[in-house]
J.: 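This is the structure I want to talk about, given as structure tokens.
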Amino acid sequence: MTEPALLEGLVLRIDAKVCHVEVNGQRRTVPLAGKLFEERSHEKRPLAVGDRVRFDATGQAIDALLPRTSMLHRRAASEGEERSQVVAANVTLVLAVASAAEPPFQPELVDGVLAGAIRQQIPAALVITKIDRDKKGQTRDWVELYRQLGYRVFATCAEKGSETHDEFAQLRDLLHQNRTVLCGLSGVGKSTLLNALVPGLQLRIGSLNHIRQGKHTTAHTELIAVPGGGHVLDTPGVRSFHQFQIGAQESQFVFPEIAALLPHCGYRNCLHRDEPSCAVLSGLENGTVHRSRYASYAAMLDHALRSERLHSKVDSADDGKRQGGKRRRPGS
Ligand SMILES: Nc1nc2c(ncn2[C@@H]2O[C@H](COP(=O)(O)OP(=O)(O)O)[C@@H](O)[C@H]2O)c(=O)[nH]1
Ligand SMILES: [Mg+2]
Ligand SMILES: [Zn+2]
């Protein structure tokens, strides 16, 4: 039988110039067409793991990206104009992963990942790893906070003899039902967790020394088919998760408990910083808004305001040249 002229595939992994693509259940490496780099220069890389692509079976280069149903993306750490870095496309579940200790729990990173999921309406959950290392007993408070916010939270331990089998079983079910992306700091135990969840996987685990030196054990991201159903993406780890082109007003809406208080603020455009009769600031005082969540919001808002000021300067400086078409609107 001859191959059809146009093939469709799922991007499993991206190297410098080739993609590993699953086509009709088979893995192939296919180069990227130059035109893709030109058309998609607003993103750090033209494609992301999880993308569906089309390519010509004779030309053999990927030259079309099929529409995404979702993407977990963040602001690429680069100078100059903001670019979007897509961590994963077409995912149905985001797992924010943070360790109870070693490294310490990082609420701003967790909140960034959860916010990224909200922006794309992707269901998300929180996994707290290494609970055996929690000497200060703070895990309970984090679990309670995020459960109150409506998230499923899994407190896990992968240490031999103290494994949290119940949590693993629940997470395994989720993996089977979804295309999942794990997102968190390097060294929190993402690969260890996946090895515990997926028999036979044997991902490489980092030593703490490596991690302290800033080395990643998982060098590339690869979408893995889970035997029995589902796909999962183990990422090399992110140090921060900042939103790509988020506006000041939009920032509050990725913190649902903050947005919920807006109708009770004295000012309609309240940004909950220092405005009088602010319901969020009152909530912060009486404990209904958690300090760490507010701190994450304030950091996000700060950046949004700075970048709005910067853009309004650029816009008035070269008025007309941009015609407002180049910059994408938040949330688009
Ligand atoms: N004590 C303890 N150590 C863990 C646990 N999970 C992972 N680790 C250790 O944390 C280090 C980093 O793990 P790794 O899975 O490579 O982290 P990743 O960078 O997030 O993939 C390794 O030394 C693991 O053995 C856990 O539940 N308890
Ligand atoms: Mg890893
Ligand atoms: Zn307010």
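Order of listing sets the numbers, starting from 1, for every ligand and every atom in it. Bear in mind the structure is a predicted one, so any value in this text is a computation, not a measurement.
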J.: Is the shortest side-chain heavy-atom distance between Ser292 and Leu145 below 4.5 Å?
T.: yes

J.: Thr129: which residues meet the side chain to side chain donor-acceptor pair (under 3.5 Å) condition with it, sequence neighbours left out?
T.: none

J.: Does Glu82 reach the main-chain N or O of Gln245 with its side chain, forming a donor-acceptor pair under 3.5 Å?
T.: yes

J.: In this structure, does ligand 1 have an atom that sits under 4.0 Å from one of the heavy atoms of Ile205?
T.: yes

J.: Below 4.5 Å, heavy atoms only, C-beta onward: do Val188 and Gln106 meet side chain to side chain?
T.: no

J.: Taking the Zn ion (ligand 3) as the centre, count the protein N/O/S atoms lying under 2.8 Å from it.
T.: 4

J.: Of all the atoms in ligand 1, which lie at a distance below 4.0 Å from a heavy atom belonging to Ser186?
T.: 19 (O)

J.: List every atom of ligand 1 that sits less than 4.0 Å from any heavy atom of Thr192, numbering the atoms from 1 in the order shown and giving each element.
T.: 6 (N), 7 (C), 13 (O), 14 (P), 15 (O), 24 (C)

J.: Parallel under 30°, tilted from 30 to 60°, perpendicular over 60°: which one fits the rings of Tyr297 and Phe255?
T.: perpendicular

J.: Where does the angle between the aromatic ring planes of Phe244 and His73 fall among parallel (under 30°), tilted (30 to 60°) and perpendicular (over 60°)?
T.: perpendicular

J.: Is Leu271 close to Leu305 at the side-chain level, that is, under 4.5 Å between some pair of heavy atoms?
T.: yes

J.: Is the shortest distance from a heavy atom of Gly237 to ligand 1 less than 4.0 Å?
T.: no

J.: Considering the heavy atoms of Glu159, write down every atom of ligand 1 situated less than 4.0 Å from one of them.
T.: 1 (N), 2 (C), 3 (N), 27 (O), 28 (N)

J.: Taking side chain as C-beta onward, heavy atoms only, is Val232 less than 4.5 Å from Leu182?
T.: yes

J.: As an exercise, identify every atom of ligand 1 less than 4.0 angstrom from a heavy atom of Val188.
T.: 17 (O), 20 (O)

J.: Hey, does the side chain of Glu275 reach the backbone of His272 with a donor-acceptor pair shorter than 3.5 angstrom?
T.: yes

J.: Is a salt bridge present between Glu257 and Arg293, judged by a nitrogen-to-oxygen distance below 4.0 Å?
T.: yes

J.: Report, in ascending order of atom number, the atoms of ligand 1 lying under 4.0 Å from any heavy atom of Ala158.
T.: 26 (C), 27 (O)

J.: Look at atom 1 (N) of ligand 1 and find which of Thr164, Leu193, Thr156, Asp132 reaches it with the closest heavy atom.
T.: Asp132

J.: Is Thr235 close enough to the Mg ion (ligand 2) that one of its N, O or S atoms comes in under 2.8 Å?
T.: no

J.: In the structure I gave you, are the side-chain heavy atoms of His231 and Leu10 within less than 4.5 Å of one another anywhere?
T.: yes

J.: Which is it for Val97 and ligand 1 at heavy atoms under 4.0 Å: side chain, backbone, both or neither?
T.: neither

J.: Considering only heavy atoms, does Lys130 approach ligand 1 within less than 4.0 Å through its side chain, its backbone, both, or neither?
T.: both

J.: Which option wins on minimum heavy-atom distance to atom 21 (O) of ligand 1: Ser191, Pro103, Gly184, Ala101?
T.: Ser191

J.: What I want to find out is whether Arg54 reaches Glu8 closely enough, with some N-O distance under 4.0 Å, to be called a salt bridge.
T.: yes

